[in-house]
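Contents: one structure, followed by commentary.
Residue numbering restarts at 1 for every chain, and letters A, B, ... go by the order of the sequence lines. Since the structure is predicted, the reported quantities are computational estimates derived from the model, not experimental observations.
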Amino acid sequence: MTTPTVRVRYAPSPTGQPHIGTVRTALFNWLFARHHGGKFIVRVEDTDQERLVPGSQENILASLQWLGIQWDEGPEVDGPYAPYIQSERQKLGVYHRAAEQLLRGGHAYRCYCTREQLEEVRALQREQKVQTRPKDPCSALSDAQRRDREAEGGPSVVRFAMPAAGTTSVQDLIRGEVTWQNEVQDDFIIIKSDGFPTYHLANVVDDYLMEISHVLRAEEWLPSTPRHIQLYRALGYPPPLFGHMPMILGPDRAKLSKRHGATSTLEYRDNGYLPEALRNFMVLLGWSLDDKTEVMSLDTMVQNFSLERVSKPAAIFDQEKLLWMNGVYLRQLSPQELAGRLLPFLERDLDQGLLPVDLDYLGRIVPLIQERIKLLSDAADLTRYFFQGELEYDPANLVQKGMDAAGTLAALQRALAALHAAPGFEHATLEESLRAVGAELGLAPRQFFGVLRVALTGRTATPPLFETMAVLGRQRVLDRMQAAIGRLSPA
RNA sequence: GGCGCAUUCGUCUAGCGGCCCAGGACGCCGCCCUCUCAAGGCGGAAAUCAGGGGUUCGAAUCCCCUAUGCGCUACCA
């Protein structure tokens, strides 16, 4: 059997930050769509008006864009099934028409119970250890009683009448067949007292109207799948295929949350991760290409993605591995590309007045730090001495192991003299002449170069000395040598 | 409590009955390279395949039970 037209969707609710787990679900949906030449739709599920967080819709969309996950239909781009925001679709009456249909067909009923009353019923059931679902008192109301309650005009909700007996099964694309007893399912609410549909109704109605072929969502939705299947049945809609993806957990095996550090995709962006690295890392959380391939292009992912290779157990988010992968991608960039990505971070993190306005200079610095940074945000600290006027460091650091102050001073003076006399300032010639000086002084390379390293950068760990000197340029080098000599000389 | 899902190195995973006394990657350790730091190369430790029963000539792979973890159990999604 060939797969019918693939139409999948990502249905976030704008109630918080674009969580890493939900974005991974979006990625899988997107890959699935691209692999099959289908459509990837974004639909905003904002039916919970109370928990709406201003700006979160924008953040969710921004994080998808940052990761290169383009949606074919949805907010901002629209499409043949617009609108793609449920609060707007609500105005069209699509959910109420469905609810009316269910009410007329006897698949739903109005419930007038207060939350307190319901809580009592549930408490009693727990106490008596009743195994079946909580029976809603309003399900047994007579027509006359209903008319009375309606006349009172109090608030009410609409509940779906789950079948009282039998079972509901789903052939899950990832987990296989799963079956539930209908008698333990309760009559869930489909229209809230504020008139908005709940997730269950809105989701089913929109997936049907938007002709969604595959519902690929996180595992936490598996328990509500029988509700959805019964809704499709009662509404007379052909159900889509379902697949429940593994969840992403924190290091303590609990659902990933703020306590585990960054959970928002945008935090990763701001912390200096490359979108292609995060994307590659995320795709490996619950999916594998084969027994060895880990670093791969987007194209490779699209070509090879399949639900069959999605794993079942929940995955723990390993920051260490992400960091490693970010380094891999950082090193793969061309120096020019890296410089461009680094610029905003340097502008943000470098002290005022040190901004690398000279792009050519920055272009020469970048190759020196490329294999030393793990995050874009590492750059400012690693390059600061290239931009500073006067270095800050403890003069004692100039004195290397096995040396004394006098010897260090002498080494600096001899080096300075050699640098003055240096015909050129390329790293090969610098190395040649300075190695000779070091040998004359009877110093080990690590000692002599150690002195120079601290004098020129203020650091004990830097990129290779001669390349660094060549980039710094003659004037800065001579000035810093002079400054070091000054710091070491007795006052 | 009920319902459901899951269970291979610390972590991500490969494995869909014999190729596995279990492969790759991150991390960790050691060596090499080396002016420091990285990067890189090489090597190593690390999983009695949750436990127990079956099925089979043969099981990490199939079945059952138990344990553990997680999810759901809202007028949240």
Side-chain angles (χ1 to χ4, degrees), chain A residues 11-16 22 45-48 50-51 111 113-115 118-119 122 125-127 129-134 155-159 172 174-175 178-181 184-186 188-194 196 198-200 202-203 217-226 244 246-247 249 251 253-255 281 284-295 308-309 311-325 327 331 368-374 382 400 431 434-435 438 444-454 457 459-466:
Chain A
S13 77
T15 53
T22 84
E45 309 220 325
D46 59 345
T47 54
D48 185 352
E50 279 178 33
R51 295 202 315 156
C111 169
C113 297
T114 62
R115 289 169 210 251
L118 289 172
E119 196 37 57
R122 289 185 190 125
Q125 287 228 335
R126 261 197 299 274
E127 204 174 298
K129 295 208 162 66
V130 176
Q131 311 271 305
T132 54
R133 61 167 154 176
S156 68
V157 300
V158 178
R159 287 181 183 276
D172 191 275
I174 293 167
R175 278 146 224 283
V178 184
T179 302
W180 294 267
Q181 294 292 326
V184 302
Q185 305 285 335
D186 62 350
F188 58 98
I189 292 174
I190 55 177
I191 299 283
K192 299 183 265 191
S193 57
D194 66 0
F196 272 89
T198 56
Y199 166 85
H200 306 293
N203 194 262
R217 64 216 326 186
E219 194 196 337
E220 58 197 295
W221 291 107
L222 189 56
S224 51
T225 304
H244 290 88
M247 308 225 312
L249 272 25
R253 301 206 153 272
K255 213 168 164 177
F281 176 73
L284 260 17
L285 250 30
W287 176 80
S288 61
L289 199 174
D290 54 28
D291 58 340
K292 55 177 90 64
T293 312
E294 301 217 302
V295 177
E308 279 167 28
R309 295 196 64 86
S311 51
K312 293 193 264 255
I316 292 174
F317 193 85
D318 182 5
Q319 300 268 359
E320 286 291 337
K321 189 159 183 174
L322 204 211
L323 199 57
W324 162 78
M325 190 163 281
R331 274 170 249 127
L368 298 184
I369 61 162
Q370 183 154 22
E371 62 190 31
R372 292 173 175 77
I373 58 174
K374 281 186 147 57
L382 253 34
Q400 302 298 297
E431 175 160 10
L434 287 173
R435 274 192 190 279
R446 62 185 305 133
Q447 293 177 306
F448 186 47
F449 299 151
V451 173
L452 299 185
R453 168 168 287 108
V454 174
T457 67
R459 307 288 179 90
T460 53
T462 72
L465 225 209
F466 309 109

Quiz item: Does B:rA46 pair with anything, Watson-Crick or G-U wobble, both distances under 3.5 Å, and if so, with which nucleotide?
Solution: none
Quiz item: Mind checking who B:rC19 pairs with, Watson-Crick or G-U wobble, both distances under 3.5 Å?
Solution: none
Quiz item: Which residues pass the ring pair (Phe, Tyr, Trp, His ring centres under 6.0 Å) test with A:F317, sequence neighbours left out?
Solution: A:Y268, A:F281
Exercise. Kindly write out the residues that satisfy ring pair (Phe, Tyr, Trp, His ring centres under 6.0 Å) with A:F466, not counting sequence neighbours, or none if the list is empty.
Key: A:F449
Exercise. May I ask you to decide if A:L368's main-chain N or O and A:R372's side chain share a donor-acceptor pair within less than 3.5 Å?
Key: yes
Quiz item: What residues, two or more places apart in sequence or in another chain, satisfy side chain to side chain contact (heavy atoms under 4.5 Å, CB included) together with A:R51?
Solution: A:T15, A:D48
Quiz item: To the nearest angstrom, how far is A:L289 atom CG from B:rC12 atom C1'?
Solution: 15 Å
Practice problem: Let me know, please, whether A:S311 or A:V178 comes out on the 5' side of the other along RNA chain B by nearest nucleotide. | Solution: A:V178
Quiz prompt | Nucleotide paired to B:rA6 in any strand shown, Watson-Crick or G-U, under 3.5 Å | solution = B:rU68
Quiz prompt | Letter per nucleotide, 5' to 3', of nucleotides 27-37 of chain B [B base touched, S only sugar-phosphate touched, - untouched; heavy atoms, 4.0 Å] | solution = S-------BBB
Exercise. Summarise how protein sits on nucleotides 67-77 of chain B as a single string, 5' to 3': B when a protein heavy atom is under 4.0 Å from the base, S for sugar-phosphate-only contact, - for no contact.
Key: ---SBS-SBBB
Practice problem: Could you tell me whether A:E50 and A:K192 have a side-chain N and a carboxylate O separated by less than 4.0 Å? | Solution: no
Quiz item: Distance between the C1' atoms of B:rA60 and B:rC20, in whole angstroms?
Solution: 9 Å
Quiz prompt | Nucleotide B:rA14, atom P - distance to NZ of A:K292 in whole Å | solution = 13 Å
Quiz prompt | Backbone N/O of A:V178 and side chain of A:D172: donor-acceptor pair under 3.5 Å | solution = no
Quiz item: How close or far is atom C1' of B:rU13 from atom CE of A:M325, stated in whole angstroms?
Solution: 12 Å
Self-check item: Counterpart residues, ring pair (Phe, Tyr, Trp, His ring centres under 6.0 Å), relative to A:W221 (two or more places apart)
Solution: A:Y199
